[in-house]
There are 2 protein chains.
Amino acid sequence: MTQVKPMRADARRNYERLLKAAAEAFAEHGEGASLDDIAKRAGVGSGTLYRHFPTRQALLEAAYVDRIKALSGRADELGRELPPGEALVAWLNELCVGIIQVRGMKALLGSAVTDDGVAAVTACGTHVRAAATRLVGAAQREGTLRADVEPIDVLRLVHGVATAAELANADGSGTRRYVSLLTEGLRPVRS
Amino acid sequence: MTQVKPMRADARRNYERLLKAAAEAFAEHGEGASLDDIAKRAGVGSGTLYRHFPTRQALLEAAYVDRIKALSGRADELGRELPPGEALVAWLNELCVGIIQVRGMKALLGSAVTDDGVAAVTACGTHVRAAATRLVGAAQREGTLRADVEPIDVLRLVHGVATAAELANADGSGTRRYVSLLTEGLRPVRS
DNA sequence: TCGTGAACCGGGGCCCTCTCCGTATCCTGT
DNA sequence: ACAGGATACGGAGAGGGCCCCGGTTCACGA
């Protein structure tokens, strides 16, 4: 399923160089980085870029798929190390930090949890949703998470909280506080 | 303070037409609407648009300042009609719906609560922050809102929740649910 | 009515996205 | 080793957006 025909050598080379250039450019200028510029950095024509990655979304996804997989992997690690409820909170914190620190990942994860019926099936989205489903399910069985929320709700809310934290501090230092406001709620703790 | 020199008649006319055209265009195409197109709709040259509104932000603000004031006014109405805690929740819901339904207002309110140190003092931001401060203070005195949150935190989180609700449904029908997840928290209700 | 300067207009420079097709490069079978 | 087809490349160009500038128009006050 991955690649029925092996890519031609030059195609593969250009593909790799584009990914590297894209990661640099997105880190530098955010998700709006110029695609022509990325092509230039990679030393290829713009047509080549568009052949490999028909949309900006596709390029973003290819550039960050490793990081997304790593984050999804962390979900399982945390699930093994901590009780379900704490694992979920810890993972949400890491996710939030990742979204803010790695410029461009926000748009990617955002589109992964968008309900537009089309193209919702992205590789990144699948990984993240699967990870969230495991942690959410465990926490709900344990009773430390409301039973009426879906994994995708949690992901959307974290995306939102990351947006909020970003407004407060571009460096994401206040992330933890905002995540806890979400998990605990705005009401005072009832003793 | 508003306008030291009265505007020339044609300037005033063009200003008004631009605002009308802008409101239409933003409603139609979202906050990214083409500025040249707005100028064309208004029947003025693009230079005129840029003289009146040096930035897209300025135009957004001018186009929606009425709506923002209305929302801020609603805060006081609700404060009179309901107990503080309920008033705050009701207002947050209205705010959230407004952010989603009126395309373009999201960016505006977002920038109003951004901590970038520069240009944070916008007319819209001032109104909304003042309204939030009143409701938040009352709810905290009543004891139905955590004492450790600032009004601006609440506004940022609502902005984030609106983002989340938007991901779920472009029409904002699930807004109420997401707002309540924020106010109640993700933990189960402890009886 | 008329002079003056504020306000307008829209063309043009610059940058971005995305497509098209002639050309260069690679791969395979002999 | 090499011919020939398959594959990928490149970069110009169309289309559109942002924004500024210089000549022109027109509202206002005397």
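Fair warning: this is a prediction, and the values are worked out from it, not measured in the lab. The sequence lines fix the lettering, A, B, ..., with proteins before strands; numbering per chain opens at 1.
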task: For A:R51 and for B:P54, locate the closest nucleotide of DNA chain D by heavy-atom distance; then report the residue assigned to the nucleotide nearer the 5' terminus.
output: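 Counting from the 5' end, the first nearest nucleotide belongs to A:R51.
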query: Of B:A9 and A:G47, whose nearest nucleotide on DNA chain D comes first from the 5' end?
result: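 Its nearest nucleotide being more 5', the pick is A:G47.
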- request: Identify the residue among B:R12, B:R13, B:K20 that makes a salt bridge (Lys or Arg N to Asp or Glu O under 4.0 Å) with B:E16.
  value: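 Option passing the salt bridge (Lys or Arg N to Asp or Glu O under 4.0 Å) with B:E16: B:R12.
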task: Inspect the contact between A:E28 and A:R41 and indicate whether a charged nitrogen and a carboxylate oxygen are less than 4.0 angstrom apart.
output: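 Result for this pair is yes, salt bridge flagged.
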message: What I want to find out is whether A:R80 reaches A:E77 closely enough, with some N-O distance under 4.0 Å, to be called a salt bridge.
response: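 Salt bridge flag = no for A:E77 with A:R80.
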What is the distance, rounded to the nearest whole Å, between atom [atom1] of [X] and atom [atom2] of [N]?
X: B:H29; N: D:dG16; atom1: NE2; atom2: P; result: 13 Å
X: B:I38; N: D:dC19; atom1: CD1; atom2: P; result: 12 Å
X: B:D37; N: D:dC18; atom1: CG; atom2: C1'; result: 13 Å
X: B:Y15; N: D:dA27; atom1: OH; atom2: P; result: 20 Å
X: B:K40; N: C:dG10; atom1: NZ; atom2: P; result: 10 Å
X: A:R13; N: D:dG10; atom1: CZ; atom2: C1'; result: 14 Å
X: B:R17; N: C:dC8; atom1: CZ; atom2: C1'; result: 12 Å
X: A:L59; N: C:dC18; atom1: CG; atom2: P; result: 11 Å

Let's see if you can work this out: which of [options] has an atom nearest to the side-chain heavy atoms of [X]?
X: B:L35; options: D:dG10, C:dT19, D:dC18; value: D:dC18
X: A:A11; options: D:dC19, D:dC9, C:dC26; value: D:dC9
X: B:R8; options: D:dA27, C:dC26, C:dC8; value: D:dA27
X: A:D10; options: C:dC9, D:dA8, C:dT17; value: D:dA8
X: A:D36; options: C:dT19, D:dC19, C:dT17; value: C:dT17

OP1, OP2 of [N] versus side-chain N and O of [X]: anything below 4.0 Å?
X: B:H52; N: C:dA7; answer: no
X: B:S46; N: C:dG10; answer: no
X: B:N14; N: C:dC8; answer: yes
X: B:T48; N: C:dA7; answer: no

task: Ignoring hydrogens and angles, answer whether the base of C:dT17 and the side-chain atoms of A:R56 contain a donor-acceptor pair closer than 3.5 Å.
output: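 Result: no qualifying N/O pair found.
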- request: For B:G32, answer base if it contacts any base atom (sugar-phosphate contacts may also be present), sugar-phosphate if it contacts only those atoms, and nothing otherwise; contact means non-hydrogen atoms under 4.0 Å.
  value: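 Touches nothing.
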message: Could you check whether B:D36 and B:S34, counting side-chain N and O atoms only, form a donor-acceptor pair closer than 3.5 Å?
response: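 No pair is found: no donor N or O on one side chain lies under 3.5 Å from an acceptor on the other.
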- request: Return yes if some donor-acceptor pair links the side-chain N/O of A:E142 with the main-chain N/O of A:G85 below 3.5 Å, else return no.
  value: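 Looks like yes, one N/O pair under 3.5 Å.
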